[in-house]
Amino acid sequence: MFALVDGNNFYASCERVFDPGIRAKPVVVLSNNDGCAIARSAEAKALGIRMGHPIHLVPPPLRKQLVVRSANFTLYGDMSARVVSVLRDAAARVEVYSIDESFLDLSGIADPEAFSRGLRQRVHRWTGIPNCIGVAPTKTLAKLANKMAKAGAGVVVLDTLDQQARALEHFPVGDVWGVGRRWSEKLASLGIATAAQLRDAPTDLILERFGVVMTRTQRELQGQPCMALEEVEADRQQILVSRSFADRVEDHEAVAQAAATFAVRACEKLRRRGLVTSAVGVFAQTDAFRPELKQHNPTRMASLPSATSDSRVVLSAIRRLMIGMLRAGYGYKKAGVTLTDLAKPRDLQGDLFTAAIVGDDRLMATLDQINRKFGRGVAGLGASGWQVKPVWGMRQQMLSPCYTTCARDLPRALC
DNA sequence: TCTGGGGTCCTAGGACCC
DNA sequence: TCTGGGGTCCTAGGACCC
């Protein structure tokens, strides 16, 4: 049996843990640049705030009722780690599926229902994060059970075939894990509107029209596990760092500095995972929401002669790629850097003339150590520009404190 | 004024190989 | 008139996830 533990309205709940004054209020967390709603408390959902909806399209009278926050991923990441530590304490095998969801292996647990109720309370009490738990013999059914639990029960166990049949009967197929908007439309055109109808559809038809992925989903709905618990996170195949800018940027040097900053950040991620890259890419985009303006979305890629995790090597490749990439008189709104062809150093082999890996590991380790100790960006490379408030910076006007990761921001208890 | 960021997998088609 | 069989690699595009 699998259990799926899922934090309720996770980002909004994180904001509430250390700010009791907003616990009963409609809370909305915005994407980077304070653009769209990416998390809403139950109260905000009730007011009709939709997921992904641009906040500037919310009518002002409605907006005045909301507590609006900029995304504080440092806080959410740390709260997530706390939740996971409670889960690891409770179950032998845990798969951290996303920042707010984990699968647990419940095999050997005599009473999954009682276990889940206890765990749910414990996570809430120890971390402050309200959550729901769905339990079932496959991951897809556990996701489905979790969604049902959100309706109020808190814990839903789909143990017997009978329980599963009843759950699937009226469950919209578009809410099944792995069925997105496009496919639910296509399924509807075939007369498949519920999870039960997908479970019972001819497999040949599903395979022919949708491929093997949907066939797996179908089997999982039938109670046949096709997806295992993955305790060890697979190595990344790609690392991407990109940001939208608060304003359109015409200054090419500023865009280059943004790209340099992203490249350095991407290399930090690369090193933290113990990987090296041998292909880098860079892209820039103008403002797609202003079609009346001149548009230009260049993207460039290059293979490196040797793999590396050295920021300096990646950076100089990026700078070379960017020569002549941007056009004068265009306002760029977004840029990004990608690292691909990732590998573990031990899996690489050089040839007679080229080293498999280049770069200075000790220098980079020292750099990482300094930044970990004194804060990101304390030490780095000149190409990043080093502006306190760069013209390409993000808008984050309603950022909450980093209550749990920064001494300056520690909450104060008054007695 | 204002519209996120970061991933994965699968498939089809073309180039190329022997 | 008729033109093999088997394979790999790469890319682009489309779908999905949180």
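All values derive from a computational prediction rather than experimental measurement. All chains are named by letter (A, B, ...) in the order of the sequence lines, taking the proteins before the strands, and each is independently numbered beginning at 1.
- At the phosphate of dT3(B), neither OP1 nor OP2 sits under 4.0 Å from any side-chain N or O atom of K334(A).
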Next on the checklist: Go through it in stages, so that I can follow the logic: the residues are D34(A) and S70(A), the test is side-chain hydrogen bond (donor to acceptor under 3.5 Å, both in side chains), and I'd like the CA-CA distance, side-chain angles, deciding distance and then a yes or no.
Outcome noted: CA-CA 6 Å; D34(A) 297 341; S70(A) 305; 2.7 Å; yes
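- Residue S242(A) has no polar side-chain atom (N or O) positioned under 4.0 Å from OP1 or OP2 of dG4(B).
- Centroid-to-centroid, the aromatic rings of W177(A) and F171(A) stay 6.0 Å apart or farther.
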Using a cutoff of under 3.5 Å, can you pull out all pairs of nitrogen or oxygen atoms linking the protein to nucleotides 10-15 of chain B, with atom names and distances?
residue	atom	partner	partner atom	Å
dC10(B)	OP1	R216(A)	NH2	3.4

Checklist entry - If pairs are Watson-Crick or G-U with both distances under 3.5 Å, what is the dot-bracket string of DNA chain C, marking crossing pairs with [ ] and pairs to another strand with |? => result ....||||||||||||||
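- Put simply, Q397(A) has no side-chain N or O that comes within less than 4.0 Å of OP1 or OP2 on dC2(B).
- In terms of the side chain to side chain donor-acceptor pair (under 3.5 Å) criterion, residue partners of Q121(A) (sequence neighbours excluded) are, by chain and number, R125(A).
- Applying the 4.0 Å criterion to OP1 and OP2 of dT3(B), one finds that S31(A) has every side-chain N and O outside that range.
- At the phosphate of dC16(C), neither OP1 nor OP2 sits under 4.0 Å from any side-chain N or O atom of R181(A).
- Listed by residue number, there are no residues of residues 289-305 of chain A with a heavy-atom contact under 4.0 Å to DNA chain C.
- In this structure Y11(A) satisfies the side chain to side chain contact (heavy atoms under 4.5 Å, CB included) test together with V29(A), I38(A), A39(A), F73(A), Y76(A), I99(A), sequence neighbours excluded.
- OP1 or OP2 of dG6(B) sits under 4.0 Å from a side-chain N or O of R243(A).
- Remark on DNA chain B: of its neighbouring residues R248(A) and N32(A), the 5'-side contact belongs to R248(A), judged by nearest-heavy-atom nucleotide.
- Of the side-chain N and O atoms in K333(A), none sit less than 4.0 angstrom from OP1 or OP2 of dC2(B).
- Atom NE2 in H53(A) sits roughly 16 Å away from atom P in dC2(B) (whole-Å rounding).
- Within residues 182-193 of chain A, the residues that have a heavy atom under 4.0 Å from DNA chain C are, in order of number, R182(A), W183(A).
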Next on the checklist: Assess the residue pair K25(A) and D19(A) against the criterion (salt bridge (Lys or Arg N to Asp or Glu O under 4.0 Å)); give the C-alpha distance rounded to whole Å, side-chain angles, the decisive distance to 0.1 Å, and a yes or no.
Outcome noted: CA-CA 11 Å; K25(A) 296 187 176 156; D19(A) 191 353; over 6 Å; no
